Amino acid sequence: MVLELQKRLGEAIRAVILKNYALELANVPLETPPDLHFGEVASPVAFELARKLRKAPRLIAQEIVTGLGAVEGFAGFEVAGAGYINARLDRAAAARNIAAVDTERVRLVPRRLMGQPHALVEHTSINPNKAAHIGHLRNAILGDTFVRLLRADGYKVDVQNYIDNTGVQVADIVVALKHLELDAIPGINVRDQHTLPAIKKRIEYHEQESRKHPDNRELLIDYVCWRLYAQVNVWYMALETTEQDQAKVAERKRIRLDTLHEIEKGNNEIAEVAELISTAVLRHHLETMLRLGIEYDFLPRESEILHLKFWEAARQKLEQSGVLYQVTQGKNAGCWVMKRPGSEASTEETDDDAKVIVRSNGTVTYVGKDIAYHLWKFGLLGRDFGYRPFFRYAGHACWISTEHGEADHPHFGGATAIYNVIDARQSDPQANVIQALRGMGHAAAADHYTHFSYEMVALTPRCAEELGYNISDEDKKRPYIEISGRKGFGVKADDLIDKLIAATRAEVDARQTGRDETERQKIAEQIAIGALRYFMLKYTRNSVIAFDFKDALSFEGETGPYIQYAVVRIRNIFRKGATTPEAALAGFAKQTGQQVSESASQRSTAAAHDGFSQYLSGEENEDIWALWLRAGRFSLVLEQSIAASEPAFLAKHAFQLAQEFNNFYHKHRILTEEDPERKIFLLATAAVVVRELVQALNLLGIESPEAM
RNA sequence: GCGCCCGUAGCUCAGCUGGAUAGAGCGACUGACUACGAAUCAGUAGGCCGGGAGUUCGAAUCUCUCCGGGCGCACCA
């Protein structure tokens, strides 16, 4: 609503400027004034023109206002301050439009005319070797929310979760299973605990036991791996005091490397263990994310990128385009390298600053594989994965890559725009891939490659102490401490979710005594997830979240439950009033509709005769109008959110709308309102707000409970 | 050494392409449940927007510089 009006005003001002001064402006600056006294939309364009025209800004503003005349949807324009052009909306008309908004319309129409854009969003991408932690939650929640925003804006979106199942992190767990003393498990003899059948049995044991005791998360395979991962990292370091120990350390590091190479090669016992463990852990990651309403379409795995020789296909193209070249001298002698972003390719012989893609022993580095993978994403590789279904969701299946897949499968890759949700620490490697694409002449692909970067989630020293970790005096002084899977230092995702649900459940039990067990549990889960998702979304991407249970477990103030509570309140109003938002909006439309037809013949006095406009103007009604106006800003916020890749904008919008509603709720009593026409108006106000809140929450992945 | 990010109220953060009196939440202190449920609302206190210089009619926002904090910069993956 507001978005359309802004665009219309911008065009109108542009036309006037072109006509009056023969100046072509690319875009007219428009902003929201700090106070409704200044109108609903303002433009400081006169300041900009003042220099070019050598004229006082106030005079220019006046000339533009005169030139504008009447613009549909606006009640008038005025010049204020040193030269602002302030626009006032036709409030009654705006309210009519806002009330009539069809939420389905959000799937914007113009996109279809240009052909639906196809985006590929990759998020989560947790190494399948340990339980997910709160840092991974931020990634997945940001990514999932962005997917929802894109879909609301009419994009076709494929959601991918990249699985690095052949990396050192998985190798570390295999090493642990093959070489460490493991927990005693019934049916496994200590002597052959490291054999393949025993490891298989161990994984199966955890699958069965964790199903039998769903409350005991420590039985879950991903939790078991969390501990093993920390243990094996201690094991690698051994006791580095004596020479014998140093030899031992070297030996263990060698075991690690050998294990990694076996996994990469495939078709052997080590690789089989890796496959078992990474698949089992992956499945639990999907379960954990599903608790938050997060689903995926496709899981490309590194093992297939290796076995299907993606790199070999990419290498040819890289060499042909000259992006990849060999150096013969310097520290990179014998390597195939690529110039770094921002640097010049130096001589062909020595290039110490270049990025190594192929090592002197002929093996490819991580960046090389990543370039190949991204060529596939844009459909530029000329090679594809095999596919088979892996995980079943309520509405669709999630597919996984495989060497020889099913004949009948959906098509992934070949997107026009990609978004990689990866933390800020990886901006260098991401830049390398973009650099390669550009160097190969794929400028369009490089331009539509977005590193959706975000800062990490760390723990406050206080939180770390609460969890029982020993922290140094040095760390205590820091604002936050980085999470480390290697050290087993962090808050696991499922633990946090459990804690949140326990806290909300206690509240719900106290409040909802009339409801049964399953209902209360459902409400508690909706609130807990709402709290968690909002918590991860309210910070803008490049601010580090210093995690603290006090903040994360809060349900008051700027939180998800605060917004959910506003929805519940509105629903209660309609329940008590024995009506529905739909009915209220229909009643409102009927009344205003009559006003429209009446006023058609006498346009000039239409506003004065519109029964509802009296409730939208005047000092005492400014807050109500502000509420309508904010409700009408949704598409504007959605557009900004997508353009900036910043879901936090929408989160803030939802909170502010809920806040303004709560204020309205305390000031005006709806059901006891005696003036029937005003009552219809107030009900319509609540109906518009609940519609917008539910929609915004939906896009944030937050459900709206029936009660709380 | 090079690159990126951050520095705004006691704490945690917003502040959109430069614009009109710098905003929230938490915490502190006052008040408001016989009401559409208080997971709420109203109010008070609290800010040389890290320091300095520059560009501009105009800077929390852009540029430079300094200070403080964080993270990257391997033939590891």
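By convention in this document, chain letters (A, B, ...) are assigned in the order of the sequence lines, proteins followed by strands, and residues within each chain are numbered from 1. Just so it is clear, the model here is predicted, and its values are computed rather than measured.
Distance from the side chain of R569(A) is smallest for U40(B) among the nucleotides U40(B), A20(B), C71(B). The side chain of N662(A) lies closest to C41(B), out of A77(B), C41(B), G37(B). Looking at the side chain of I573(A), the nearest of the listed nucleotides C36(B), A38(B), G72(B) is C36(B). When the nucleotides A77(B), C36(B), A38(B) are ranked by their closest atom to the side chain of R669(A), C36(B) comes out on top. In this structure, of G72(B), A38(B), A39(B), it is G72(B) that holds the atom nearest to the side chain of E482(A).
Distances shorter than 4.0 Å separate some side-chain N or O of R478(A) from OP1 or OP2 on G70(B). For R359(A), a side-chain nitrogen or oxygen approaches OP1 or OP2 of C76(B) to under 4.0 Å. Taking 4.0 angstrom as the limit, Y665(A) places a side-chain polar atom (N or O) nearer than this to OP1 or OP2 of A38(B). Put simply, Y565(A) has a side-chain N or O that comes within less than 4.0 Å of OP1 or OP2 on A39(B). At C75(B), none of the side-chain N or O atoms of N361(A) fall inside 4.0 Å of OP1 or OP2 (strictly under the cut-off). Contact check, R511(A) against A39(B): a side-chain N or O comes under 4.0 Å of OP1 or OP2. Of the side-chain N and O atoms in R425(A), none sit less than 4.0 angstrom from OP1 or OP2 of C73(B). For Y236(A), no side-chain nitrogen or oxygen approaches OP1 or OP2 of C76(B) to under 4.0 Å.
Between F452(A) and F146(A), the ring centre distance stays below 6.0 Å. Centroid-to-centroid, the aromatic rings of Y373(A) and Y162(A) come within less than 6.0 Å.
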So which protein N/O to nucleotides 13-15 of chain B N/O distances come out below 3.5 Å?
from   : atom 1 : to      : atom 2 : distance (Å)
C13(B) : OP1    : V544(A) : O      : 2.9
A14(B) : OP1    : T540(A) : N      : 3.1
A14(B) : OP1    : T540(A) : OG1    : 2.0

Output one line per pair: protein atom, nucleotide atom from nucleotides 42-44 of chain B, and distance, for all N/O pairs under 3.5 Å.
from   : atom 1 : to      : atom 2 : distance (Å)
A42(B) : OP1    : N663(A) : ND2    : 3.0

Below 3.5 Å, can you tabulate the donor-acceptor pairs from side chains in residues 638-648 of chain A to any protein atom, sequence neighbours excluded?
from    : atom 1 : to      : atom 2 : distance (Å)
E639(A) : OE2    : K7(A)   : NZ     : 3.3
S641(A) : OG     : E646(A) : O      : 2.9
S641(A) : OG     : L650(A) : N      : 3.4
E646(A) : OE1    : R541(A) : N      : 3.3
E646(A) : OE2    : R541(A) : N      : 3.3

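Using a 4.0 Å heavy-atom distance criterion, K331(A) is classed as a base contact. When heavy atoms are screened at a 4.0 angstrom cut-off, L30(A) is found touching base atoms of the nucleic acid. Using a 4.0 Å heavy-atom distance criterion, P29(A) is classed as making no nucleic acid contact. Heavy atoms of Y480(A) sit under 4.0 angstrom from primed sugar atoms or phosphate atoms, though from no base atom. Counting non-hydrogen atoms under 4.0 angstrom, G167(A) reaches the backbone sugars and phosphates but no base. Across all strands, D423(A) comes closer than 4.0 Å to no nucleic acid atom at all (heavy-atom distances). Among the atoms of the strands shown, none is found under 4.0 Å from any heavy atom of E639(A).
No more than 12 heavy atoms of other residues, nucleotides or ligands lie within 6.0 Å of CZ in R669(A), so this atom counts as exposed by the packing criterion. Other residues, nucleotides and ligands contribute over 12 non-hydrogen atoms within 6.0 Å of the CD atom of E620(A).
Between G51(B) and U30(B), the two C1' atoms lie 38 Å apart (nearest whole Å).
By the 6.0 Å and 45° rule, R359(A) does not stack over the aromatic ring of W336(A). Cation-pi check for K369(A) over F310(A) is not met; the charged atom does not lie both under 6.0 angstrom from the ring centroid and within 45 degrees of its normal.
For a distance-only test at 3.5 Å, the side chain of N86(A) qualifies as a donor-acceptor partner of the base of A20(B). With hydrogens and angles ignored, a donor-acceptor pair under 3.5 angstrom links the side chain of Q640(A) to the base of C16(B). With hydrogens and angles ignored, no donor-acceptor pair under 3.5 angstrom links the side chain of D428(A) to the base of G72(B).
Between F664(A) and F661(A), the ring planes are tilted. Angles from 30° to 60° get that label.
Residue pairs meeting the salt bridge (charged side-chain N to carboxylate O under 4.0 Å, His left out) criterion with at least one member in residues 543-552 of chain A, sequence neighbours excluded, are R462(A)-D548(A).
Within residues 44-62 of chain A, the residues that place at least one heavy atom under 4.0 Å from RNA chain B are, in residue-number order, P44(A), F47(A).
Here the P atom of nucleotide C41(B) and the CZ atom of F655(A) are 8 Å apart, to the nearest Å.
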RNA chain B in dot-bracket form (Watson-Crick or G-U pairs under 3.5 Å, [ ] crossing, | inter-strand) is (((((((..((((.....[...)))).(((((.......))))).....(((((..]....))))))))))))....

